Amino acid sequence: MYQAAESSSWGGNYHNIETRCASSSSDPLERVIRLASGSAVVIFSMSTCCMCHAVKRLFCGMGVHPTVYELDQDPKGKDMERALSRLLGNSPAVPVVFIGGKLIGAMDRVMASHINGTLVPLLKEAGALWL
C-alpha cells in the first residue's frame, strides 16, 4: 500500500515511492516500470523542475489528474533518474510521462502529441479522460 504525500495546488496525486515499493526489487528500471503501470497517467518529476511543473499543469488543464513521483524526494530517486535517462536515450530524465503504462517520453514528446492531436486519444484509451 502506498501513502499519499502532500498535494500541490495543481491537483495531482503525489505518492511516496519508498512506501509503495518497499517489497519490490532493488532494480531501478523495474521500479520505474512497476510504478508507471500503476495509474492511467504517471509523471516522474523533480519538485524544483520548471518543465516538470509545466507538464503537470498541462494535464491538470485538460482535466487529467496524473500520479506524480517526485524523484528528488525519494532516497532511491537518483537511481531511478538514471534508469529513466537510459530509457530516453540519455536525454534529461525528467519530466517523463507514461500513459496507460506506455512510455510517451519527455516534455517535447508530450507537447508534440498534444499539438498534433494524438494526446487526447491516448488519454481516453488509458481511461484518464472521458470527454
Side-chain angles (χ1 to χ4, degrees):
M1 178 59 87
Y2 62 84
Q3 119 190 22
E6 189 172 325
S7 180
S8 76
S9 61
W10 63 269
N13 301 311
Y14 285 90
H15 294 284
N16 180 320
I17 299 170
E18 190 64 28
T19 304
R20 183 166 182 180
C21 295
S23 63
S24 68
S25 76
S26 62
D27 180 43
L29 185 56
E30 286 180 21
R31 285 183 85 198
V32 165
I33 293 168
R34 189 178 299 101
L35 292 171
S37 62
S39 296
V41 179
V42 175
I43 300 173
F44 290 93
S45 174
M46 294 282 200
S47 61
T48 58
C49 169
C50 62
M51 296 305 280
C52 296
H53 177 74
V55 79
K56 291 181 274 191
R57 294 290 305 161
L58 170 68
F59 285 109
C60 181
M62 297 174 76
V64 174
H65 299 286
T67 298
V68 177
Y69 295 102
E70 300 290 359
L71 299 179
D72 57 333
Q73 297 176 3
D74 182 82
K76 296 183 181 178
K78 276 289 184 201
D79 293 333
M80 291 174 57
E81 185 179 355
R82 282 189 287 275
L84 287 164
S85 181
R86 285 192 307 272
L87 274 177
L88 296 173
N90 291 321
S91 68
V94 292
V96 178
V97 176
F98 288 81
I99 299 176
K102 297 175 186 168
L103 174 65
I104 301 305
M107 182 69 164
D108 59 338
R109 297 285 301 248
V110 172
M111 290 306 298
S113 296
H114 182 52
I115 291 166
N116 72 24
T118 59
L119 184 60
V120 169
L122 284 173
L123 293 168
K124 286 180 180 178
E125 183 181 321
L129 193 61
W130 294 275
L131 297 176

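Everything numeric in this text was worked out from a predicted model, so none of it was measured. Positions are given from 1, in the same order as the sequence printed here.
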Any non-hydrogen side-chain atom of D74 less than 4.5 Å from a side-chain atom of Y69?
no

Between A126 and A40 the two heavy atoms that sit nearest each other are O-CB, 3.5 Å

Closest heavy-atom contact between V64 and A128?
CG2-O, 3.7 Å

CE of M80 to CG of L87, rounded to nearest 0.5 Å, is 11.0 Å

Start with the C-alpha distance between M111 and L58, add both sets of side-chain angles, then the distance that settles side-chain contact (heavy atoms from CB on, under 4.5 Å), and finish with yes or no.
CA-CA 9 Å; M111 290 306 298; L58 170 68; 3.9 Å; yes

Check V42 against A36 and note the closest heavy-atom contact, atom names and distance.
CG2-O, 3.6 Å

Mark yes or no for whether S85, through its side chain, and E81, through its backbone, hold a donor-acceptor pair below 3.5 Å.
no

Residue pairs involving residues 117-131 (criterion salt bridge (charged side-chain N to carboxylate O under 4.0 Å, His left out); sequence neighbours excluded):
K102-E125

So which atom in C52 and which in M46 form the shortest heavy-atom distance, rounded to 0.1 Å?
SG-N, 3.5 Å

Say you draw a straight line from CZ of R82 to CG of L29; how long is it, rounded to the nearest 0.5 Å?
13.0 Å

Rounding to 0.5 Å, atoms CG (D79) and CG (L84) come to a distance of 11.0 Å

Counting only heavy atoms not in M51 (residues, nucleotides, ligands), do more than 12 fall under 6.0 Å from its CE?
no

Please round to the nearest 0.5 Å and tell me the distance separating atom CD1 of I104 and atom OG1 of T118.
8.0 Å

What pair of heavy atoms forms the shortest contact from F44 to V94, and how long is it?
O-CG1, 3.7 Å

Measuring from atom CG of L35 to atom CZ of F98, what distance do you get when rounded to the nearest 0.5 angstrom?
9.5 Å

Minimum heavy-atom separation for M62 to V120, with atom names?
CE-CG2, 3.6 Å

To the nearest 0.5 Å, atom CG of L103 lies from atom CG of L88 at 6.0 Å

Under a 4.5 Å cut-off applied to non-hydrogen side-chain atoms, are V68 and F59 in contact?
no

Without swapping roles, check the side chain of D72 against the backbone of S47 for a donor-acceptor pair under 3.5 Å.
yes

I99 vs L119, side-chain contact (heavy atoms from CB on, under 4.5 Å): CA-CA, chis, key distance, verdict
CA-CA 9 Å; I99 299 176; L119 184 60; 3.6 Å; yes

